[in-house]
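One structure is given here, and the rest of the page talks about it.
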Amino acid sequence: MPYADMPFEELLDTIAAETPAPGGGSVAAFVTEMAASLAAMAARFAHDWDGAAGAVAQAETLRHRAAPLAGEDAVAYENVLTALRMPKELEPEVRNTLIGETLSRAADVPLEIAECAASVSELAAEIAVRGNPNLRGDAVTAALLAEAGAWSAACLVEINVGASDQRAVRAGNLAHAAAGAARRAMDAGR
């Protein structure tokens, strides 16, 4: 899906349309990409911090890692819908296996979104603590947005594979880590 090439208003219209995708996973990826972009901007203004250049590089890497995940999630969800539309007359065991495999594969993208979002939140917290205090609000916003992306993605992983699946547990742990980082960012400078 070429979401990156869409004008912003068109992207919002596409999200709001009566279509199944882009949906929650894609939006979690968009939010994570935006959070990484905001973190990169805040780090660029941290002229008195020796780690600023590394933080910018890391934020840009995370931004580019998140960017394709919106389209990948939309494709994975479309594949789930295709599997769910298989004829009911198909042998139940075969149909259920195919649906289960498709849901399992669909959990991998939001897990990657959660991983990326947790990393963005951790980085943004570091920028909030060590960066330019005049841009602390931007770093905090990046951490909070990344936290939201992580929680959203974790929820989707759990929906796809169930709470007891190790990927759902990992995604939940990542979301908790993102939340902790966001709280550290908010506490910076107090």
Mind listing the closest non-hydrogen atom pair of Ala46 and Gly131 along with its distance? CB-CA, 3.7 Å
Taking C-beta and beyond as the side chain, do Asn160 and Ser104 meet within less than 4.5 Å on heavy atoms? no
Taking the side chain as every heavy atom from C-beta outward, state whether Leu103 and Val161 have any pair of such atoms under 4.5 Å apart. no
Here the pair of heavy atoms bringing Ala106 nearest to Ala76 is CA-CB, 4.0 Å
Is the shortest side-chain heavy-atom distance between Ile127 and Trp49 below 4.5 Å? yes
Spell out, yes or no, whether Ile15 and Leu145 are grouped together once hydrophobic residues are joined by side-chain heavy atoms under 4.5 Å, including indirect joins. yes
Kindly compute the distance separating OH (Tyr3) from CZ (Phe8), expressed to the nearest 0.5 Å. 14.5 Å
Euclidean distance, Arg170 CZ relative to Gln166 CD, rounded to 0.5 Å: 11.0 Å
Show the nearest heavy-atom pair for residues Arg95 and Ala83, with the distance to one decimal. NH2-O, 4.4 Å
Same hydrophobic cluster for Ile159 and Val75, using side-chain heavy-atom links shorter than 4.5 Å among ILVMFWY? no
Decide yes or no for Thr102 and Arg105: does some side-chain heavy atom of the first lie under 4.5 Å from some side-chain heavy atom of the second? yes
Rounded at 0.5 Å granularity, tell me how far CZ in Arg44 sits from CG in Leu135. 12.5 Å
Using a 3.5 Å distance criterion without hydrogens, assess whether the side chain of Asn96 forms a donor-acceptor pair with backbone atoms of Pro92. yes
Close side-chain approach of Arg136 to Val129, heavy-atom, < 4.5 Å: no
Charged N-O contact under 4.0 Å between Glu115 and Arg65: yes
Minimum heavy-atom separation for Ala52 and Ala43, please, with both atom names. CB-O, 3.6 Å
Any Lys/Arg nitrogen of Arg184 or Glu126 sitting under 4.0 Å from an Asp/Glu carboxylate oxygen of the other? no
Quick one: are Leu123 and Leu62 in side-chain contact, heavy atoms under 4.5 Å? yes
For Val120 versus Ala142, what's the shortest heavy-atom pair and its separation? CG1-O, 4.5 Å
Any donor-acceptor pair under 3.5 Å linking the side chain of Ser121 with the backbone of Ala117? no
Taking atom CD of Glu158 and atom OG of Ser164, what is their separation to the nearest 0.5 Å? 9.0 Å
May I ask you to decide whether Arg183 forms a salt bridge with Glu147, counting only side-chain N to carboxylate O separations under 4.0 Å? yes
Taking side chain as C-beta onward, heavy atoms only, is Met34 less than 4.5 Å from Arg63? no
To the nearest 0.5 Å, how far apart are CZ in Phe30 and CD1 in Ile113? 9.5 Å
Say you draw a straight line from CG of Leu174 to CD of Glu112; how long is it, rounded to the nearest 0.5 Å? 11.5 Å
Any chain of hydrophobic side-chain contacts (each under 4.5 Å) joining Leu84 to Leu98? yes
Which heavy-atom pair separates Ala182 from Leu144 by the least distance, and what is that distance? CB-CD2, 3.9 Å
Ion pair Arg190/Asp187, N-O distance below 4.0 Å: yes
I'd like to check Val109 versus Tyr77 (side-chain heavy atoms, cut-off strictly below 4.5 Å). Are they in contact? no
With the 4.5 Å side-chain cut-off for hydrophobic clustering, are Val27 and Leu81 part of the same group? no
Is it true that, when you exclude Met41 itself, more than 12 heavy atoms of the residues, nucleotides or ligands shown sit nearer than 6.0 Å to its CE? yes
